[in-house]
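For reference, positions follow the sequence shown, starting with 1. Bear in mind the structure is a predicted one, so any value in this text is a computation, not a measurement.
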Amino acid sequence: MGFPSVNGFAMQSTGVASFRKMTPGMLESQRLAMANDIVKTTKAEVAITLKKAAPAMGIDGTAYHILDILIGLTRADDWKQDRRPLVAISNEKLAEYVCRSTRTVIRALKRLVEAGILAYRDSSTGRRFIYRNDASGEIDRGYGFDFSPARQRVAEIKQIGDAFQARLRAEQEAKRTVNRLSRAIVDACRTGQSDGVDCEVYLQELTVLMDTPMMVVERAEKISELYEVVIADLAAAQEGETQTADNSDKTTEMSGDHDIHVTPYNITTPLAPINSKQRQPSNDGYSNTNFASNEAQNIALEKDQSSKFSAKSSGTAQLQSQQETQLDNGLSEHLSAISIGLIDSATAQTQEILGMPFSSWFDLLQSAEQLRLAIGLSEDGWKQAILTLGEKMAAAVLVVTVEKTLRDPEGISRPAGYFRACVDRAKDGKLALHKSLYGLALA
């Protein structure tokens, strides 16, 4: 059977091969990628938002690692409203980066698309590439993975992340409450039992609450109620015993019969022990003096030798300390000029995106992973910065880089490169980081 002919020419049917089977989640991501009302945001804001919300969205393991790589490969300028945040990389290269099989990478990418973070932007052949304009750097043609869905949903994803963080903090506080109050109940019951109060029913109820499957927040509430009951009952029992004792003291009087009048007898002269020997005074005063002199010389000699050994040890330690100080030349002075209060006042936009203040160095160091992801800095680059500058100084440089990127995205097109350049300047003692912080705080 041949093909139907039109005007004598045979017609041929053209089949369109599909790359993958589409799911509702994929279709929704494609719809978001084609939206016309582009949301204004930055690469750093989206990166931090995705970092906080990833666990709540089911992004972990290989999928999270791939997300970190892909968002780091995008350019900050491509996140502008008139551009498209694209990244082109093959499945094989991603598999090499994450040390997983190609099929595992394909499944992880599918999870990111169905989660509404990425969208497939396929070429006719399935090959991924980006051609840029040499003059402006804009993408003329590009096919690969599109972060437009994440850009369009940045406010929604931020709410998801905030709700997840709040729930996580509530669960952590509930766990601490359960541990603290359960121990307090046991201690209170032991004290009550030692005073003759029957507390077995409270301990049994506590055991039931600990063994019954329930949410940790609910368990914390129930144990808190039990603790209040235990304390109130034990306080009432203690008050009853006190009143009983007071009444007994009032009705009972001590009799003076059969008392014995004792006259105290104190010996004020100390007696020498029976076996002790009295030191006889020496008839030869010179021998006593000579013995004392020799003993003093021996003690002085021992002290002199000990001081020489201590001086030698301290000299070695001082030399090692000087060598370590030379390696950290200038870093301690820069760090001493930087306080966490100054960092807190200079990084308002970064704190707004993170949803937390920098009230201590611990808070800043805990946020370092999110800040690293915000500027697309690799883990190796961050570890090298810590080895070079120390953890606190590296975190201070990192948060300043993020803050400057948020305030002037066009001025810092490559934040990760800017961070590395700051690390090199700090290593050479040429980075006046405190001046940058004062400038950001005043602005």
Heavy-atom side-chain contact between [X] and [Y] under 4.5 Å:
{"X": "Glu221", "Y": "Thr177", "result": "no"}
{"X": "Leu94", "Y": "Leu109", "result": "yes"}
{"X": "Met22", "Y": "Gln30", "result": "yes"}
{"X": "Ile48", "Y": "Leu373", "result": "no"}
{"X": "Ile412", "Y": "Asp408", "result": "no"}
{"X": "Leu398", "Y": "Ile375", "result": "yes"}
{"X": "Ile157", "Y": "Met57", "result": "yes"}
{"X": "Tyr418", "Y": "Lys404", "result": "yes"}

- prompt: Checking side-chain contact (heavy atoms from CB on, under 4.5 Å) against Ile117, which of Leu32, Leu70, Val46, Leu67 comes through?
  reply: Leu67
- line: With Met210 as partner, the option from Leu206, Val208, Thr212 fulfilling side-chain contact (heavy atoms from CB on, under 4.5 Å) is Leu206
I'd like to know if [X] and [Y] make a salt bridge, using a cut-off of under 4.0 Å between side-chain N and carboxylate O.
{"X": "Asp60", "Y": "Arg111", "value": "yes"}
{"X": "Glu156", "Y": "Arg153", "value": "yes"}
{"X": "Arg372", "Y": "Asp68", "value": "yes"}
{"X": "Glu173", "Y": "Arg169", "value": "no"}
{"X": "Glu138", "Y": "Arg132", "value": "no"}

Within a 6.0 Å radius of atom [atom1] on [X], are there more than 12 heavy atoms belonging to other residues, nucleotides or ligands?
{"X": "Glu369", "atom1": "CD", "answer": "yes"}
{"X": "Phe129", "atom1": "CZ", "answer": "yes"}
{"X": "Tyr438", "atom1": "OH", "answer": "no"}
{"X": "Asp82", "atom1": "CG", "answer": "yes"}
{"X": "Lys110", "atom1": "NZ", "answer": "no"}

Minimum heavy-atom distance between [X] and [Y], given as atom pair plus value:
{"X": "Val400", "Y": "Ser436", "result": "CG1-CB, 4.4 Å"}
{"X": "Gln81", "Y": "Ile38", "result": "NE2-O, 3.0 Å"}
{"X": "Thr350", "Y": "Glu403", "result": "OG1-OE1, 2.6 Å"}
{"X": "Ile66", "Y": "Ala108", "result": "CD1-CB, 3.7 Å"}
{"X": "Phe145", "Y": "Ile89", "result": "CE1-O, 3.9 Å"}
{"X": "Ala394", "Y": "Leu389", "result": "N-CB, 4.1 Å"}

message: Applying salt bridge (charged side-chain N to carboxylate O under 4.0 Å, His left out) to Glu28 and Arg31, what does each step give before you reach the verdict?
response: CA-CA 5 Å; Glu28 178 63 18; Arg31 185 190 68 80; 2.6 Å; yes
Checking the side chain of [X] only, and the main-chain atoms of [Y] only, is there a donor and an acceptor separated by less than 3.5 Å?
{"X": "Asp198", "Y": "Glu200", "value": "yes"}
{"X": "Thr42", "Y": "Glu45", "value": "yes"}
{"X": "Gln152", "Y": "Val39", "value": "yes"}

Checking [Y] against [X]: is there a side-chain donor and acceptor pair closer than 3.5 Å?
{"X": "Ser194", "Y": "Thr191", "result": "no"}
{"X": "Ser148", "Y": "Asp146", "result": "yes"}
{"X": "Glu114", "Y": "Ser29", "result": "no"}
{"X": "Asp78", "Y": "Thr74", "result": "no"}

Approximate separation, where rounding is to 0.5 Å, of [X] [atom1] and [Y] [atom2]:
{"X": "Gln165", "Y": "Ile160", "atom1": "CD", "atom2": "CD1", "result": "12.5 Å"}
{"X": "Leu364", "Y": "Asp344", "atom1": "CG", "atom2": "CG", "result": "10.0 Å"}
{"X": "Tyr227", "Y": "Ile185", "atom1": "OH", "atom2": "CD1", "result": "8.0 Å"}
{"X": "Tyr143", "Y": "Thr125", "atom1": "OH", "atom2": "OG1", "result": "9.5 Å"}
{"X": "Cys199", "Y": "Glu205", "atom1": "SG", "atom2": "CD", "result": "12.5 Å"}
{"X": "Arg121", "Y": "Ile130", "atom1": "CZ", "atom2": "CD1", "result": "10.0 Å"}

- request: Start with the C-alpha distance between Arg167 and Glu171, add both sets of side-chain angles, then the distance that settles salt bridge (charged side-chain N to carboxylate O under 4.0 Å, His left out), and finish with yes or no.
  value: CA-CA 6 Å; Arg167 179 166 60 86; Glu171 290 178 353; 3.4 Å; yes
message: Assess the residue pair Lys175 and Val217 against the criterion (side chain to side chain contact (heavy atoms under 4.5 Å, CB included)); give the C-alpha distance rounded to whole Å, side-chain angles, the decisive distance to 0.1 Å, and a yes or no.
response: CA-CA 8 Å; Lys175 290 179 181 179; Val217 177; over 6 Å; no
- request: Start with the C-alpha distance between Lys52 and Lys158, add both sets of side-chain angles, then the distance that settles side chain to side chain contact (heavy atoms under 4.5 Å, CB included), and finish with yes or no.
  value: CA-CA 8 Å; Lys52 293 175 64 176; Lys158 187 174 183 180; 5.8 Å; no
- request: Decide yes or no on side chain to side chain contact (heavy atoms under 4.5 Å, CB included) for His65 and Arg100, but give the supporting numbers first.
  value: CA-CA 11 Å; His65 195 180; Arg100 295 291 186 272; over 6 Å; no
task: Could you go through the side chain to side chain contact (heavy atoms under 4.5 Å, CB included) check for Ile340 and Asp363 one step at a time?
output: CA-CA 10 Å; Ile340 192 63; Asp363 294 338; over 6 Å; no
